[in-house]
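Data block below; observations after.
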Amino acid sequence: MTVTCRHGASTSARLAIAADGRQSRCRAAAGIDTVTRAYPQVAITCNLRHRRPHHDTSTELHTAVGPFTLVPLPGLRSSLVFVVDPDDAPRLAALSDVEMAAEIERRSHAILGGVEVEAGRGVFPLTVATAARFGARRVALVGEAAHVIPPIGAQGLNLGLRDAATIAEIVAAAHRERGDVGATDVTERYDRMRRADVTSRTLAVDLLNRSLISDFLPVQGARGLGLFLLDRIAPLRRAAMREGVLPLASQPRLMRGEAL
Ligand SMILES: Cc1cc2nc3c(=O)[nH]c(=O)nc-3n(C[C@H](O)[C@H](O)[C@H](O)COP(=O)(O)OP(=O)(O)OC[C@H]3O[C@@H](n4cnc5c(N)ncnc54)[C@H](O)[C@@H]3O)c2cc1C
């Protein structure tokens, strides 16, 4: 692989690990297609300062248009992702900081007290995208270059970390055996090792998201019951949280705290 930068400098290697996000140029260069589907939802993101402490707890409110998720940052700050109807997104995105703060307090039932919105907002149409192959032609895809899922249940970054830990493990093994670290069997093995984890996560997040926007009462009931049981049964909750960070199906060494 030869990567050439905008100003002309170039570097060559047996394997390029593409961590260049959802519009990955490396993925395009390797000729890897993606299967993509858009949701009728838009995520608005911003950071907040607030009066009440978050106690290092993330809060996800489920609304009829999608989740409203507060993720704790150090101190009296949190990051917010709230999913809205695409028709409502331009109005919300254009609110002044003061108007946005009032809207957030209303939607969050003021659980963090009064809020102030910090500079820098994002607007992301929700999509799900999965690369047809996670590696080919001396390119291995990690993170959103390989898979994009809606921001529900905080799974995206964890998936990307497991990608990185897995390709590191496979490459270290190939290097130890004095093999070609970019060979087809290396990239194919990487694809096999990541497929089940990515597919199961994508399906779970897709199902949860569909259950939020579905008007079908039994679906709403099943989701409510599932969340109720998670809330009430501590071992079940701990198992679900463990599965979210380090699923049984994918435990690369680096994620278990072991050396390569
Ligand atoms: C609204 C929203 C909320 C989310 N919330 C959560 C959450 O709560 N928890 C969670 O786990 N995940 C969450 N995610 C998912 C998480 O953000 C992604 O999984 C993660 O950022 C993917 O990391 P990445 O490195 O693959 O891609 P990115 O973060 O997109 O990084 C790609 C990098 O590559 C760079 N790049 C691209 N092309 C080039 C180029 N040609 N040359 C040089 N550099 C280039 C970009 O500048 C960028 O810095 C959320 C995503 C969204 C959209």
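As the structure lists them, so they are numbered: ligands from 1, and atoms in each ligand from 1.
Contacts of Arg178 classified as salt bridge (charged side-chain N to carboxylate O under 4.0 Å, His left out), with partners at least two apart in sequence or in another chain: none.
The cationic group of Arg195 lies under 6.0 Å from the six-membered ring centre of Phe134 and within 45° of the ring axis, placing it in a cation-pi geometry.
For residues 21-36, the pairs satisfying side-chain hydrogen bond (donor to acceptor under 3.5 Å, both in side chains) are Asp20-Ser24, Arg22-Glu144, Thr34-Thr36, with sequence neighbours left out.
Pairing each heavy atom of Met100 with each of Leu92, the nearest pair is CE-O, 3.5 Å.
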Atom pairs, nitrogen or oxygen, ligand 1 to protein, under 3.5 angstrom:
residue	atom	partner	partner atom	Å
ligand 1	11 (O)	Leu157	N	2.9
ligand 1	12 (N)	Leu157	N	3.3
ligand 1	19 (O)	Gly156	O	3.4
ligand 1	19 (O)	Leu157	N	3.4
ligand 1	26 (O)	Glu144	N	2.8

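One finds a salt bridge joining Glu118 and Arg77 here, because a Lys/Arg side-chain nitrogen approaches an Asp/Glu carboxylate oxygen to under 4.0 Å.
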Identify every side-chain donor-acceptor pair in residues 225-248 under 3.5 Å, counting partners at least two apart or on other chains, and give the distances.
residue	atom	partner	partner atom	Å
Arg237	NH1	Leu230	O	3.2
Arg237	NH1	Asp231	O	2.7
Glu243	OE1	Leu248	N	3.3

